[in-house]
Number of protein chains: 2
Amino acid sequence: MADDLFKALADPTRRTILDELAERSGQTLFEICGRLAVKHRLTISRQAVSQHLAVLEAAGLVRSRREGRYKFHDLDTAPLRHIAARWPLPDEPETTP
Amino acid sequence: MADDLFKALADPTRRTILDELAERSGQTLFEICGRLAVKHRLTISRQAVSQHLAVLEAAGLVRSRREGRYKFHDLDTAPLRHIAARWPLPDEPETTP
DNA sequence: AAGATAGGCAAGTGCCGACTTGCCTGTCAA
DNA sequence: TTGACAGGCAAGTCGGCACTTGCCTATCTT
C-alpha cells in the first residue's frame, strides 16, 4: 500500500502526469500524451503513458471514470498525506518573506 | 534534486532506515545494521546499508557528522515539504471520528 | 456496413538499481 | 606496534522496471 505510493512517485514521467492532472482535471489518455509531448518534450508511446496511469491508479493517486469510449482521469492527492504523516516534520514551515 | 528525493524514498529499506533514525537520532552505521536485523528481520550486508545511507544523504534526508572513527547519522525531514507543496492537497485532513 | 477513434493486452528488450564480495584506509586500545 | 573496530571503495551479479512493438476490442460517425 505505502509501497505502491512511493514507487508510483519515483518516476519523473509519472510525477509530470500528476502535474498535468493537477492543472487540468479529467483528461483522457490521448490528451495526456499530447500534453507530455508538447509541453514537456516527452516523446513517449501511448502504451507507456497508459502503463504509468495504471501504476498511479494502483497507488490511489489517480481515479478514472469511463464514459462511452472515453476514459477520464482525475488526480487524488489524498494518499500524499501518508508521506508527511510518517515522519515528524520540523515546526518551522520555512516561511519566505 | 526532486529526483533524488523521490528516488531515495522509493526503496522500502531506506524508508525503514528513516523510521529508525526518527526513533533514535545520531546512530552509527553498525547500529542501524543491528536495528534492521533485529527489529525488522532485515538480513542485509553492512555495505548495502552504507549505500542506502549515501542515497539518503544525497537526497538531503540524512545528515552525517564524523567523530573519530565513528560517523553519526541524523534525520532531516525538511525536504519532505517539497512533496506536499508540489500538488494541491484537499482541504479536509480526513478526520477519523 | 465500414472506417476512424479511444483504449487494452501481452510478449520482448534494455537499462538501472539493490545487493554481494573482496580488499583497503583510518582510529582507538592493550 | 599489533590487533580489533568503524567505515570506504570498486567491480560484478541479478532482478525489476520503463518502454516498445504488434495485435485486439469497443465505441462513435458517415
Side-chain angles (χ1 to χ4, degrees), chain A residues 1-21 24-38 40-59 61-74, chain B residues 1-21 24-38 40-59 61-74:
Chain A
M1 37 173 61
D3 218 272
D4 294 333
L5 174 61
F6 286 103
K7 229 159 210 178
L9 291 172
D11 187 83
T13 302
R14 281 196 286 269
R15 294 196 299 271
T16 306
I17 292 177
L18 293 182
D19 290 337
E20 288 307 310
L21 286 180
R24 190 172 203 270
S25 195
Q27 293 189 64
T28 70
L29 174 58
F30 276 70
E31 285 182 271
I32 298 172
C33 284
R35 289 213 164 198
L36 291 180
V38 173
H40 302 274
R41 311 284 184 202
L42 270 177
T43 57
I44 203 180
S45 78
R46 176 182 55 88
Q47 283 77 3
V49 179
S50 179
Q51 288 167 7
H52 280 311
L53 285 171
V55 174
L56 289 171
E57 210 165 347
L61 289 167
V62 163
R63 302 200 183 278
S64 64
R65 47 196 160 92
R66 189 112 202 202
E67 285 181 24
R69 63 174 158 174
Y70 298 104
K71 189 180 182 186
F72 302 104
H73 301 270
D74 297 285
Chain B
M1 39 170 59
D3 218 271
D4 294 333
L5 173 61
F6 286 102
K7 228 158 211 177
L9 291 172
D11 188 84
T13 303
R14 280 196 288 268
R15 293 198 298 271
T16 305
I17 292 176
L18 292 182
D19 290 338
E20 288 308 309
L21 287 180
R24 189 171 205 271
S25 195
Q27 292 189 66
T28 70
L29 174 59
F30 276 70
E31 285 182 271
I32 297 173
C33 284
R35 289 213 162 197
L36 291 180
V38 174
H40 302 274
R41 311 285 185 202
L42 272 176
T43 56
I44 203 178
S45 77
R46 176 183 55 89
Q47 285 75 4
V49 179
S50 179
Q51 288 165 8
H52 280 312
L53 285 171
V55 173
L56 289 171
E57 209 164 347
L61 288 167
V62 164
R63 303 198 182 278
S64 65
R65 50 197 158 91
R66 189 113 202 200
E67 284 182 25
R69 62 174 160 175
Y70 298 104
K71 189 181 181 185
F72 303 104
H73 301 271
D74 297 286

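Letters A, B, ... mirror the listed sequences (proteins, then strands); counts begin at 1. FYI, side chains are in, hydrogens and waters are out, and symmetry mates aren't considered; it's all heavy atoms of this structure.
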Separation of atom [atom1] in [X] from atom [atom2] in [N], rounded to whole Å:
X        : N       : atom1 : atom2 : answer
Gln51(A) : dA11(C) : CD    : C1'   : 11 Å
Ile32(A) : dG8(C)  : CD1   : P     : 11 Å
Asp11(A) : dG17(C) : CG    : P     : 11 Å
Leu36(B) : dA18(C) : CG    : C1'   : 14 Å
Glu31(A) : dT5(C)  : CD    : C1'   : 14 Å
Leu29(A) : dG7(C)  : CG    : P     : 5 Å

Exercise. Let me know, please, whether Phe72(B) or Tyr70(A) comes out on the 5' side of the other along DNA chain D by nearest nucleotide.
Key: Phe72(B)
Practice problem: Tell me which of His73(B) and Ala48(A) sits closer to the 5' end of DNA chain D, going by the nucleotide each one is nearest to. | Solution: His73(B)
For [N] and [X] - does any side-chain N or O of the residue sit under 4.0 Å from the phosphate oxygens OP1/OP2?
X        : N       : answer
Ser50(A) : dG7(C)  : no
Lys7(B)  : dC16(C) : no
Arg14(B) : dA18(C) : yes

Quiz prompt | Closest to side chain of Arg69(B), choosing from dG17(C), dA18(C), dT27(C) | solution = dT27(C)
Practice problem: From the options dG8(C), dA6(C), dC19(C), select the nucleotide whose nearest atom is closest to the side chain of Phe30(A). | Solution: dA6(C)
For a quick check, tell me whether the side chain of [X] and the base of [N] share a donor-acceptor pair closer than 3.5 Å.
X        : N       : answer
Arg66(B) : dG26(C) : no
Gln47(A) : dG7(C)  : no
Glu67(B) : dT27(C) : no

Exercise. Check the pair Glu31(B) / His73(B) against side chain to side chain donor-acceptor pair (under 3.5 Å), numbers first and verdict last.
Key: CA-CA 10 Å; Glu31(B) 285 182 271; His73(B) 301 271; over 6 Å; no
Self-check item: Passing candidate, side-chain contact (heavy atoms from CB on, under 4.5 Å) with Leu56(B), options Arg15(B), Arg63(B), Arg14(B)
Solution: Arg14(B)
Quiz item: Does the Glu67(A) side chain pair with the main chain of Phe72(A), one donor and one acceptor, at a distance under 3.5 Å?
Solution: no
Quiz item: Counting N and O atoms only, with roles assigned by atom type, does the side chain of Thr16(A) sit under 3.5 Å from a partner on the main chain of Pro12(A), one being a donor and the other an acceptor?
Solution: yes
Quiz item: Got a second to check how far Arg24(B)'s CZ is from Asp74(B)'s CG, nearest 0.5 Å?
Solution: 11.5 Å
Quiz item: Could you give the distance from OG (Ser45(A)) to CD (Gln51(A)), rounded to the nearest 0.5 Å?
Solution: 7.0 Å
Quiz item: What heavy-atom pair brings Ala8(B) and Leu61(B) nearest, and what distance separates the two atoms?
Solution: CB-CD1, 4.3 Å
Quiz item: Going 5' to 3' on DNA chain D, which nucleotide is the first and which the last to come under 4.0 Å of a heavy atom in chain A?
Solution: dC17(D) to dC28(D)
